[in-house]
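Worksheet: the structure to be examined is printed underneath.
Just so we're clear, the structure is a prediction, and the values are computed from it rather than from any experiment. The first residue of the sequence shown is numbered 1, and numbering continues consecutively from there.
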Amino acid sequence: MPQTSRVIVVEPVLEIYACGGFGLWPVARSVPYGFLPLSGGLDAPEVGTAVMRIVDCNDMDPGDDGRPPRPADPLGGFLHGLLTMDDLFASGGLRITDTATGTTLLPGCCNGLDERRDWREVVDGDGFASFGHDPSPLAERHGDTVRLTVDAERDDSPVIELPVTDLRRLLADAERDLGDFLQVAAAWAARHLPEHATAVTSALSRALDVPTPTSTP
């Protein structure tokens, strides 16, 4: 039998939930729980789903933090947290798949897309990083190889191993995917949220820790 070609795929993914009943802008149909890969190839409803989810991650009422009260109108009220909070969050991280074995490392609970910067410690720093819990993904560098443990809480956890040089390249590709996503999200915001487009794009940039695009497609 021919040997299966091994390809490692690294994708920035956003944790999403079912969005039934949401009516502020068009969104895609989604499973009750899953991960949406972010890239410039998303269609408009998928971008709408991603923006909705990032807004929802930051939908917190003002407290004693000096933020203005939540607006009464539904759109302004929903966007309020995203547009007024200093520290923004986008639930997710990097999904890494070994296509030959089907082994997939997913970000754990409470991990954010901004925490993908910890991967730099794996390839160029102290060689160790973890990414949430339930599951508890772990990345460790051993010489010229990186060992990825899908769930460090399991003694029998599947693992993925790849060269440091390959992982460094794949991480750069994932950064480009996020930059491309922000480009299409900026264009989407200009069409669907014209009165808030600049502020929403800037907030998405901060939530994802991606430079704000200088132009939109």
Side-chain angles (χ1 to χ4, degrees), residues 5-19 22 25-58 82 88-100 102-108 111-120 122-123 131-132 137 139 146 148 160 162 165-193 197-198 200-217:
S5 175
R6 180 175 187 252
V7 176
I8 303 296
V9 178
V10 177
E11 302 166 292
V13 294
L14 180 70
E15 185 181 49
I16 60 171
Y17 301 105
C19 46
F22 183 82
W25 55 73
V27 294
R29 297 182 62 182
S30 63
V31 296
Y33 171 81
F35 290 96
L36 175 65
L38 300 182
S39 73
L42 299 186
D43 61 25
E46 290 170 331
V47 175
T49 298
V51 174
M52 181 272 295
R53 177 58 180 141
I54 295 171
V55 174
D56 187 57
C57 284
N58 299 282
L82 181 76
L88 299 176
F89 178 74
S91 183
L94 295 183
R95 178 170 66 188
I96 303 181
T97 304
D98 183 338
T99 61
T103 301
T104 300
L105 180 142
L106 293 170
N111 195 75
L113 267 159
D114 61 308
E115 294 176 73
R116 72 188 184 281
R117 302 302 185 190
D118 292 348
W119 285 96
R120 293 177 178 173
V122 179
V123 296
F131 302 93
V146 175
L148 310 177
I160 299 171
L162 72 162
T165 52
D166 287 1
L167 180 58
R168 187 179 290 111
R169 172 180 55 79
L170 292 166
L171 293 175
D173 290 344
E175 288 301 309
R176 282 191 289 273
D177 284 340
L178 278 173
D180 292 345
F181 165 74
L182 192 58
Q183 286 276 358
V184 297
W188 176 94
R191 292 192 299 271
H192 294 274
L193 303 171
T198 299
V200 166
T201 300
S202 177
L204 292 175
S205 171
R206 291 193 292 119
L208 298 172
D209 192 15
V210 175
T212 304
T214 56
S215 62
T216 59

How are the rings of Y33 and F35 set relative to one another: parallel (under 30°), tilted (30 to 60°) or perpendicular (over 60°)?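 It falls in the perpendicular class, over 60°.
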
What is the distance from atom [atom1] of [X] to atom [atom2] of [Y], rounded to the nearest 0.5 Å?
X: D118; Y: L94; atom1: CG; atom2: CG; value: 10.0 Å
X: T49; Y: I54; atom1: OG1; atom2: CD1; value: 11.0 Å
X: L182; Y: T201; atom1: CG; atom2: OG1; value: 6.5 Å
X: M52; Y: Y17; atom1: CE; atom2: OH; value: 11.5 Å
X: L204; Y: D209; atom1: CG; atom2: CG; value: 13.0 Å
X: L167; Y: I8; atom1: CG; atom2: CD1; value: 9.5 Å

Of all heavy-atom pairs between [X] and [Y], which one has the smallest distance, and what is that distance?
X: A174; Y: V10; answer: CB-CG1, 4.2 Å
X: G40; Y: V184; answer: O-CG1, 3.5 Å
X: G132; Y: P137; answer: O-CD, 4.0 Å
X: L36; Y: E46; answer: CD2-O, 3.7 Å
X: S91; Y: L14; answer: O-CD1, 3.3 Å

May I have the step-by-step check of side chain to side chain contact (heavy atoms under 4.5 Å, CB included) for L106 and F131, ending in yes or no? CA-CA 9 Å; L106 293 170; F131 302 93; over 6 Å; no

Test side chain to side chain contact (heavy atoms under 4.5 Å, CB included) on W119 and I96; report intermediate values, then the result. CA-CA 12 Å; W119 285 96; I96 303 181; 3.6 Å; yes

Taking [X] for its side chain and [Y] for its backbone only, find out whether a donor-acceptor pair lies under 3.5 Å.
X: N58; Y: F89; value: yes
X: T99; Y: V7; value: yes
X: S205; Y: V210; value: yes
X: R206; Y: L88; value: no
X: R95; Y: V9; value: no

Tell me, with the steps shown, if H192 and V47 meet side chain to side chain contact (heavy atoms under 4.5 Å, CB included). CA-CA 11 Å; H192 294 274; V47 175; over 6 Å; no

Would you mind reporting whether E15 and P107 have side-chain heavy atoms less than 4.5 Å apart? no

L162 side chain near L148 side chain, heavy-atom distance below 4.5 Å: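 L162 reaches L148 side chain to side chain.
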
Using the rule given for side chain to side chain contact (heavy atoms under 4.5 Å, CB included), can you reason through W25 versus V51, listing the C-alpha separation, both sets of side-chain angles and the distance that settles it, and then say yes or no? CA-CA 10 Å; W25 55 73; V51 174; 4.0 Å; yes

Could you check whether R117 pairs with E175 (Lys NZ or Arg NE/NH1/NH2 to Asp/Glu carboxylate O, under 4.0 Å)?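 Salt bridge present between R117 and E175.
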
